[in-house]
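Here the structure is laid out as structure tokens; the discussion comes afterwards.
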There are 2 protein chains.
Amino acid sequence: MPSFATHPSDAELAEKRRLLNGIQERRDQAGKLVAGVAAACDVDRFKAPASDKPNAKRWDSHISPESQLRGPCILKQAASYMSDPGIVSLGGGLPSSECFPFYEWSFKVPTAQHFFKDHDESETPTVQTVTIGKHDVKAGLSEYDLSIAMNYGQASGSPQIMRFITEHTELLYNPPYADWKIAPTVGSTGALEQTIRLLFDRSRGDSVLAEEYSFSTALETFLPQGIKPFGVKMDDEGLLPEAMDEMLSSWDETARGNRKPHVLYTIPSGQNPTGATQSLQRRRAIYSVCQKHDIFIIEDEPYYFIQMPPYLPNETHGVQASEDVESFLAGLVPSYLSIDIDGRVLRMDSFSKVLVPGSRLGWVTASAQIIERFLRHAEVANQGPNGMSQIMLWKLLDQTWGHEGYLKWLIALKNAYTQKRNTLLDACEKFLPKSVVSWTPPTSGMFLWLKCDPLQHPEYPAPPIEDIEGEIFDQAIKTGVRCARGTWFRAEPDTPADGMFFRATYASATAEAMGTAIQRFGEAIRRSYQIE
Amino acid sequence: MPSFATHPSDAELAEKRRLLNGIQERRDQAGKLVAGVAAACDVDRFKAPASDKPNAKRWDSHISPESQLRGPCILKQAASYMSDPGIVSLGGGLPSSECFPFYEWSFKVPTAQHFFKDHDESETPTVQTVTIGKHDVKAGLSEYDLSIAMNYGQASGSPQIMRFITEHTELLYNPPYADWKIAPTVGSTGALEQTIRLLFDRSRGDSVLAEEYSFSTALETFLPQGIKPFGVKMDDEGLLPEAMDEMLSSWDETARGNRKPHVLYTIPSGQNPTGATQSLQRRRAIYSVCQKHDIFIIEDEPYYFIQMPPYLPNETHGVQASEDVESFLAGLVPSYLSIDIDGRVLRMDSFSKVLVPGSRLGWVTASAQIIERFLRHAEVANQGPNGMSQIMLWKLLDQTWGHEGYLKWLIALKNAYTQKRNTLLDACEKFLPKSVVSWTPPTSGMFLWLKCDPLQHPEYPAPPIEDIEGEIFDQAIKTGVRCARGTWFRAEPDTPADGMFFRATYASATAEAMGTAIQRFGEAIRRSYQIE
């Protein structure tokens with residue numbers, strides 16, 4: 001369980017309120033956000049007034065040759081000047097919005113009071129319809145409309161969604177250095193791919209540190225680029241700083257076959273697949289090791305907002321008492337960004353787990369130097385996220401809910417996931433044979449990590465652990481349940497496994513299905529272990 | 001002007017009609033397209049029944065080491081089995097749609113009879129409202145809904161949009177080999193980046209052939225990856241096959257400093273920036289040279305559907321007589337795909353120029369081997385296009401307009417661009433000094449390529465041509481007009497320029513603004529050349 005304050009002081013709560021109010025005050029002072037098609041924009045204009053924070057360190061030695069070679073996209077630069085009213089541009093090949101076959105969009109979204117219920121039109125009081133027209137800006141109805149969102153944009157995103165994300169990032173993480181920036185992404189999958197290209201060089205035998213069990217798609221992104229992941233030992237709080245320090249201090253390039261790592265890829269909260277969450281103390285210790293060995297940190301945090309209270313077995317789990325946004329903000333375990341005095345962190349955020357994955361919209365936060373390189377790549381890799389998602393999420397988050405409404409949504413989401421988690425854990429308590437299966441109740445995220453004891457399996461030690469795991473997996477499929485296999489997530493699959501794990505998620509199945517699934521999994525385990 | 005048949009025979013028209021009708025017949029036979037969240041799908045099920053076409057050649061020697069190292073994404077594979085009704089899955093970390101805050105979407109789109117007019121709600125007869133609910137599938141109302149589109153998907157796209165694109169591709173290009181496939185993309189910018197990673201290897205000094213003036217963003221994508229573009233001479237029909245053959249036949253790796261190219265990047269129709277369109281005869285000749293030297297072809301065709309009748313100066317340009325879809329189909333200059341007996345072409349299509357750029361949705365077509373590698377990369381690069389655009393375009397193209405309606409839209413779009421082109425060319429005829437500026441009226445695309453004669457410039461030959469071009473550009477800005485500079489597009493900017501060009505687009509400016517712009521450009525030229 002995270003060691004950060006679960007009972008924030010009155011001063012902390014007042015500070016959160018001050019920050020929230022400050023956003024609206026800055027907006028009121030700045031006035032209308034005027035921006036047209038493919039408008040260039042710098043996030044600095046949306047941040048709180050400059051403080052006395054120092055700037056980030058420079059990362060020249062960490063940036064890949066490929067990234068260093070990237071120049072600005074000349075046509076995107078040209079497009080950003082288009083708004084000069086005295087000049088008629090025949091320069092940019094942007095289609096005219098008269099040729100866009102969408103005139104108006106409407107969508108039904110929940111009001112702040114009625115999150116997490118599916119409603120149809122007959123229950124209109126709890127649902128509101130929001131509408132975006134093609135020419136709302138020209139009509140003076142809005143700062144952003146379909147004629148802009150449906151055209152080409154800058155890789156840096158539309159000023160409207162950038163403003164919301166920048167304010168949200170500052171409110172939540174407030175990095176302790178001055179020149180932090182954000183860049184929108186096509187989701188964290190794309191963000192990681194771009195970050196890898198920014199930081200790694202396949203020509204020099206690069207390597208990366210990761211949790212010993214890590215997100216398989218991330219590992220699959222590193223490998224074909226010639227970058228070898230090395231797994232750091234973990235406990236219930238995730239990555240172990242001492243183990244990482246020991247690995248790095250004793251790094252033998254010849255024995256390892258790879259250059260000493262200069263980057264750590266970590267999922268600090270509700271880690272995929274183990275569900276472990278690093279406490280603030282743990283994060284500080286890991287950050288220190290990174291400073292000692294000059295390691296750059298990729299912080300992948302899709303589950304950050306699903307931070308739950310501890311699980312108490314055999315309790316009646318009701319809907320939680322409502323929580324105010326100040327307490328929610330103060331109770332979150334701090335991001336690496338919040339302790340990052342060097343600017344050595346690139347944090348990846350995503351709307352996938354908290355709103356909709358299909359939006360393919362997220363963002364990264366890092367120092368100005370890193371973000372500038374990241375954007376140079378985005379210009380030729382994807383041109384930034386799609387305009388449909390940008391305007392939809394802006395309409396929902398910025399124009400309909402506002403920052404406070406979105407925080408309330410996140411609280412409701414966390415409560416919904418807490419109930420789901422409790423349901424799964426209740427089923428585990430009831431159906432799994434504790435003599436051979438153990439687990440730590442997760443306090444963040446979507447995943448439960450089930451550890452099966454290989455020593456007690458009747459076939460041990462004849463077949464390798466991987467084969468016993470495979471047999472249990474097949475047995476489970478036969479019994480009618482599918483979990484993810486632990487070996488899928490191993491950072492170093494070429495070494496022999498010393499544990500046997502299954503990842504179960506409480507994200508998608510109904511309460512009833514979860515009960516059935518865990519009952520079946522228990523049967524499969526008993527059959528494989530020949531229990532009873 | 002393209003040399004393909006502009007007056008198709010009755011037999012050709014009947015064949016197009018047969019193909020169009022065949023699509024609906026296959027759908028009727030196949031029945032409802034059942035597919036849930038992240039459903040796996042192979043495009044082969046949407047193609048016409050197998051013929052006696054041979055399969056494509058294998059391209060192992062052309063595929064990069066990075067691409068060859070890519071394995072399948074294990075979690076995407078696991079997700080694709082989720083629909084097995086007997087198995088409860090706790091395997092994939094996909095959020096539940098109950099947590100998606102969008103209940104219903106509506107958008108207003110034009111009816112097939114009223115393209116290219118902006119309408120508001122008061123003119124409802126010409127506009128229709130289409131609606132998508134969150135649980136339309138469960139309610140039996142649709143084959144695809146928000147609960148599916150807003151969740152994670154496969155990199156290969158949803159079966160629904162894949163079906164439309166596959167049918168459209170077969171109808172339009174019908175490759176002469178059997179095992180062609182399509183893969184959706186996040187637009188052609190992303191598609192090119194992925195294709196480069198698939199075909200090139202920065203460790204071996206790779207090079208690529210391109211038109212001597214080419215799309216600057218494409219050149220900017222090649223360069224940081226250590227791939228050097230070499231420019232092939234062009235005429236009014238684009239790339240010259242004889243020049244290409246000569247370059248390749250005499251390639252001296254030491255003198256060139258790069259390995260002999262194994263890939264051609266070409267924009268065959270309405271080329272960016274020159275506006276040139278390769279005739280069918282020209283495409284055949286280039287294809288032969290590619291066969292001779294074992295060159296793989298990247299065909300970038302964003303402007304393909306904007307193929308216009310020849311420009312006739314000083315004519316009254318009225319709205320064109322309506323054209324039937326069979327004539328439109330038969331009149332298009334064939335894609336490289338249509339003459340590609342080897343499967344050596346990867347064609348990039350995009351909805352950006354024909355519907356909305358903000359969708360960030362396009363597709364590539366190539367052999368099964370190439371598409372499989374492309375998808376392995378997409379899984380870790382972006383997970384395919386966003387779900388919002390997939391369902392929006394499916395609702396519009398597949399469910400509202402249908403294939404014929406979309407072809408009618410393309411005809412209307414082409415007519416709209418024809419009028420825009422004529423307006424710009426009329427202005428050029430009127431305002432530009434023909435003694436020093438010349439141009440070839442484009443028959444495709446969005447661009448006019450204006451050639452300024454450096455020999456007649458008063459400062460020639462003292463400053464390099466690039467400097468004279470820069471002076472004219474600055475003069476134009478001062479006069480209040482911006483065109484794109486020719487040098488921005490040079491494939492080999494390190495060699496001295498032997499021509500002076502400006503790219504003007506008729507895509508975005510109004511008729512009035514185009515007149516003003518060209519008048520100003522004429523003034524700037526006269527001032528720089530000291531004419532009158």
Side-chain angles (χ1 to χ4, degrees), chain A residues 66 69-70 73-75 86-91 93-96 100-110 119 149-152 186 189-190 193 216-217 220-221 224 353 356-360 380-383 386-389 413 446 480-484 488 504-505 507-508 513 516-517, chain B residues 66 69-70 73-75 86-91 93-96 100-110 119 149-152 186 189-190 193 216-217 220-221 224 353 356-360 380-383 386-389 446 480-484 488 504-505 507-509 513 516-517:
Chain A
E66 176 184 346
L69 276 172
R70 294 193 184 285
C73 181
I74 199 152
L75 294 180
I87 295 174
V88 182
S89 177
L90 304 178
L94 286 81
S96 165
F100 297 168
F102 296 96
Y103 303 141
E104 191 183 282
W105 264 19
S106 295
F107 26 92
K108 291 186 180 168
V109 295
H119 297 280
M150 290 196 172
N151 215 320
Y152 285 105
V186 299
T189 303
E193 156 86 12
S216 57
T217 306
E220 288 158 2
T221 311
K353 300 298 193 295
V356 284
S359 66
R360 300 289 77 217
V380 295
N382 48 46
Q383 300 200 35
N386 71 93
M388 323 297 222
S389 295
L413 184 83
M446 300 181 161
V481 57
R482 181 188 302 273
C483 293
W488 292 350
T505 177
S508 42
T516 307
Chain B
E66 175 184 347
L69 277 172
R70 294 193 184 286
C73 181
I74 199 151
L75 294 180
I87 296 174
V88 184
S89 177
L90 305 178
L94 287 82
S96 166
F100 297 168
F102 296 96
Y103 303 140
E104 190 184 282
W105 269 18
S106 296
F107 26 91
K108 292 186 182 168
V109 294
H119 297 278
M150 289 192 171
N151 215 320
Y152 285 105
V186 299
T189 303
E193 158 85 11
S216 58
T217 306
E220 289 159 0
T221 311
K353 300 298 193 297
V356 285
S359 66
R360 298 289 79 216
V380 297
N382 47 47
Q383 300 199 36
N386 72 93
M388 322 299 222
S389 295
M446 300 181 160
V481 57
R482 181 186 304 271
C483 293
W488 290 350
T505 178
S508 41
T516 307

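In the text below, chain A, chain B and the rest are named by the order of the sequence lines, each starting its count at 1.
Heavy-atom pairs under 4.5 Å with chain A were tallied for Gly358(B), Ala507(B), Gly91(B); the largest tally goes to Gly358(B). Note on Ala484(A), Gly190(A), Ala381(A): by heavy-atom pairs under 4.5 Å with chain B, the leading option is Ala381(A). Interface check for chain B: of the options Val380(A), Leu69(A), Thr221(A), the most heavy-atom pairs under 4.5 Å are formed by Val380(A). Put simply, of Pro224(B), Ser216(B), Ala504(B), the one with the most heavy-atom pairs under 4.5 Å next to chain A is Pro224(B). Looking only at heavy-atom pairs under 4.5 Å with chain A, the residue among Met446(B), Arg70(B), Glu66(B), Lys353(B) that has the most is Glu66(B). Comparing Gly480(A), Ala517(A), Gly387(A) by how many heavy-atom pairs each has under 4.5 Å with chain B, the most go to Gly480(A). Most heavy-atom pairs under 4.5 Å with chain B, from the set Val186(A), Asn382(A), Val481(A), Thr516(A): that is Val481(A).
Taking the side chain to side chain contact (heavy atoms under 4.5 Å, CB included) definition, one finds that Val356(A) meets it with Ser359(A), Phe100(B), Pro101(B), Phe102(B), Met150(B), Met388(B), sequence neighbours left out. For Thr217(B), there are no side-chain hydrogen bond (donor to acceptor under 3.5 Å, both in side chains) partners two or more places apart in sequence or in a different chain.
Heavy atoms of Ala149(A) lying under 4.5 Å from chain B belong exclusively to its backbone.
Put simply, the side chain of Ser106(A) never gets that close to the backbone of Ser106(B): no donor and acceptor are under 3.5 Å apart. In this structure, Asn151(A) contributes its side chain and Pro95(A) its backbone to a donor-acceptor pair below 3.5 Å.
Nearest heavy atom pair, residue Val88(B) against residue Ala513(A), reads CG1-O, 3.6 Å. Here the closest non-hydrogen pair linking Thr189(B) and Arg360(B) is OG1-NH1, 4.3 Å.
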